[in-house]
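Okay, so here's the structure we're looking at.
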Amino acid sequence: MQLKFSNRGSTLIVRVIGELDHHSSEQLKIKVDSEIIKSSTKNVILDLGKLTFMDSSGIGAIMGRFRNVQKLNGKLALVGIGPHIKKILDMSGILKVIDAYDNVETALNKMM
Amino acid sequence: MQLKFSNRGSTLIVRVIGELDHHSSEQLKIKVDSEIIKSSTKNVILDLGKLTFMDSSGIGAIMGRFRNVQKLNGKLALVGIGPHIKKILDMSGILKVIDAYDNVETALNKMM
Amino acid sequence: MECINEVKVEFPSKSANEAFARIVAAAFVSQLDPTLEELADVKTAVSEAVTNAIIHGYENRPGIVTMICRLYADAVEIKVIDKGKGIEDIELARQPLYTSRPEMERSGMGFTVMESFMDRVDVVSEPGKGTEVTLFKKFKSVNPSDTQKTGD
Amino acid sequence: MECINEVKVEFPSKSANEAFARIVAAAFVSQLDPTLEELADVKTAVSEAVTNAIIHGYENRPGIVTMICRLYADAVEIKVIDKGKGIEDIELARQPLYTSRPEMERSGMGFTVMESFMDRVDVVSEPGKGTEVTLFKKFKSVNPSDTQKTGD
Ligand SMILES: Nc1ncnc2c1ncn2[C@@H]1O[C@H](COP(=O)(O)OP(=O)(O)O)[C@@H](O)[C@H]1O
Ligand SMILES: Nc1ncnc2c1ncn2[C@@H]1O[C@H](COP(=O)(O)OP(=O)(O)O)[C@@H](O)[C@H]1O
């Protein structure tokens, strides 16, 4: 798994590339959290468009970031959900609490 | 491994697609020999352009077809040799006895 | 049902081997030519079982995880075995959202994912001895008469 | 040299498992991030050793092939073991173009391929007991200090 960070105002955009399992979730947690606590960050968009695999460890890692962002009064959204990733997100019920959008632009507009 | 057969006059063109190891060589031997023995076939071109893997079993299978075609007074040529396949062909010394060309058209011209 | 191929894989309880186990299972199952979705289902279930062996069974300490894959004409059975901690209450463990390690940000969805992505999930476990999870899936896309000779 | 990861794989002597063994070895070695050429070299050498175990060791009869892969910071060691026929004269067997099965259209280049694609090839064999081939390769493209923590 690889992470690419970019910023749009106070929104941190994280592109998650490759496979998100327990092994890579540990890296995602550390790296994303250290960006979240930067004073310039309020909201977070996780772009899953290049995610090729995810299991329930990924669910845990996304929920964990969602809680951390909320704690700092920000919002977290998911974008670019492909069919395989959708299957496990649907199963987990995570989309009942976390917003999902087609792409980064739509997410930026709706999160304002 | 998959094989695609086509004919140009008395020349049989065999496109070998995928991986050529001992397992798939056994299939190649049976299928190519049954085409070689057809009265319309004199020469054979093995197109290795879509071959992604080959080991020494592949060398044996190519040498075997070369001998069978020779027995029937025909010629055998190889085309479309990529870098990985070249490495093992070079090592085996097979290119000292079997002609190789860039593509099917060149082979057809030179074999006449 | 006749087993047409079987592999046994042993690897240390390192999280880097979660990806390795998925590739091994997928490579083995590919012999039947299932759909990409069926393949993804198997990879996900294997990932859950192997992750559990590493983090719950061995609690991230060194140990050996064993995976046994058996191929049938149109189905696969995969056993993931650890000699770790074991599970006290299997029924509780299998409940959706139950996790003994919320501080690790576990979602408690591992068994639920295995159950919904495979056709059958059996768990045998003894506290202090270890756990054996058996995953079974029939591939609806595969015609068994096409594959009887796979693996010759 | 410290071993950072190790897997053991057992599979039946079916020719369909030659491809499986290559994928397993490649997936394991990929943890070090070698070049595509180095990866292809390992796959080719493994293919030779596993094929030999199946057709010469077990002479296409049922048997179990064991593959043990050990990863080092910038190298891999792969053992391919059969409990088959064994080799009477190892020196002769390793000669380029020597094959005991010309009628099977063997090229006699298996050991030569292993030797030229890997850095070291050791063969231990006893007639009637079986054969163990050890393949070793150092990855020139890999910086050992980058990978010491692979497999955590
Ligand atoms: N191999 C195992 N060894 C010991 N305990 C296990 C094992 N697998 C699962 N468990 C127990 O079952 C619980 C539920 O597992 P699971 O549904 O996968 O959720 P999670 O992994 O998110 O905790 C775990 O929290 C753990 O207590
Ligand atoms: N695992 C093995 N068990 C028994 N004999 C073997 C084994 N591997 C190799 N040999 C012997 O060594 C010979 C040379 O092997 P190799 O160089 O791979 O060529 P080939 O496989 O084309 O015969 C074989 O023909 C066989 O007699």
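First the proteins, then the strands, lettered A, B, ... as listed; each starts at 1.
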- prompt: For the atom pair OG1 (D:Thr44) and CE (B:Met91), what is the distance rounded to the nearest 0.5 Å?
  reply: 10.0 Å

message: What I want to check is whether the side chains of D:Glu18 and B:His22 have a donor and an acceptor closer together than 3.5 Å.
response: yes

task: Below 4.5 Å from any heavy atom of chain B, which atoms of D:Thr112 appear? Answer side chain, backbone, both or neither.
output: both

field: Heavy-atom neighbours of D:Lys83 NZ exceed 12 at 6.0 Å
entry: no

- line: Looking only at D:Arg106, D:Met109, D:Glu48, the option with the highest number of non-hydrogen pairs under 4.5 Å against chain B is D:Glu48

field: Portion of B:Met63 that has a non-hydrogen atom of chain D nearer than 4.5 angstrom
entry: neither

message: Is it true that, when you exclude D:Glu103 itself, more than 12 heavy atoms of the residues, nucleotides or ligands shown sit nearer than 6.0 Å to its CD?
response: yes

- prompt: Is it true that a side-chain atom of B:Glu19 and a backbone atom of D:Ala19 form a donor plus acceptor pair closer than 3.5 Å?
  reply: no

field: Atom CD of D:Glu88: over 12 foreign heavy atoms under 6.0 Å
entry: no

field: Reported CD1-to-OG distance for the pair B:Ile88 and D:Ser116, which is rounded to 0.5 angstrom
entry: 7.5 Å

task: Tell me, yes or no, whether the heavy-atom count around B:Lys87 atom NZ, taken from other residues, nucleotides or ligands under 6.0 Å, exceeds 12.
output: yes

query: To the nearest 0.5 Å, what is the distance between CD1 (D:Ile54) and NE2 (B:His23)?
result: 10.0 Å

N/O donor-acceptor pair under 3.5 Å between B:Ser56 side chain and D:Ser107 backbone: no

query: What part of D:Thr51 lies closer than 4.5 angstrom to a heavy atom of chain B: side chain, backbone, both or neither?
result: side chain

- request: Sort D:Leu36 into side chain, backbone, both or neither according to what part of it lies under 4.5 angstrom from a heavy atom of chain B.
  value: neither

message: For B:Asp102, is the CG atom crowded, meaning more than 12 foreign heavy atoms sit under 6.0 Å from it?
response: no

- line: Interatomic distance, CG@B:Asp21 vs NZ@D:Lys43, rounded to 0.5 Å, equals 10.5 Å

Atom of B:Gly64, atom of D:Glu105 and distance for their closest heavy-atom approach: CA-OE2, 3.6 Å

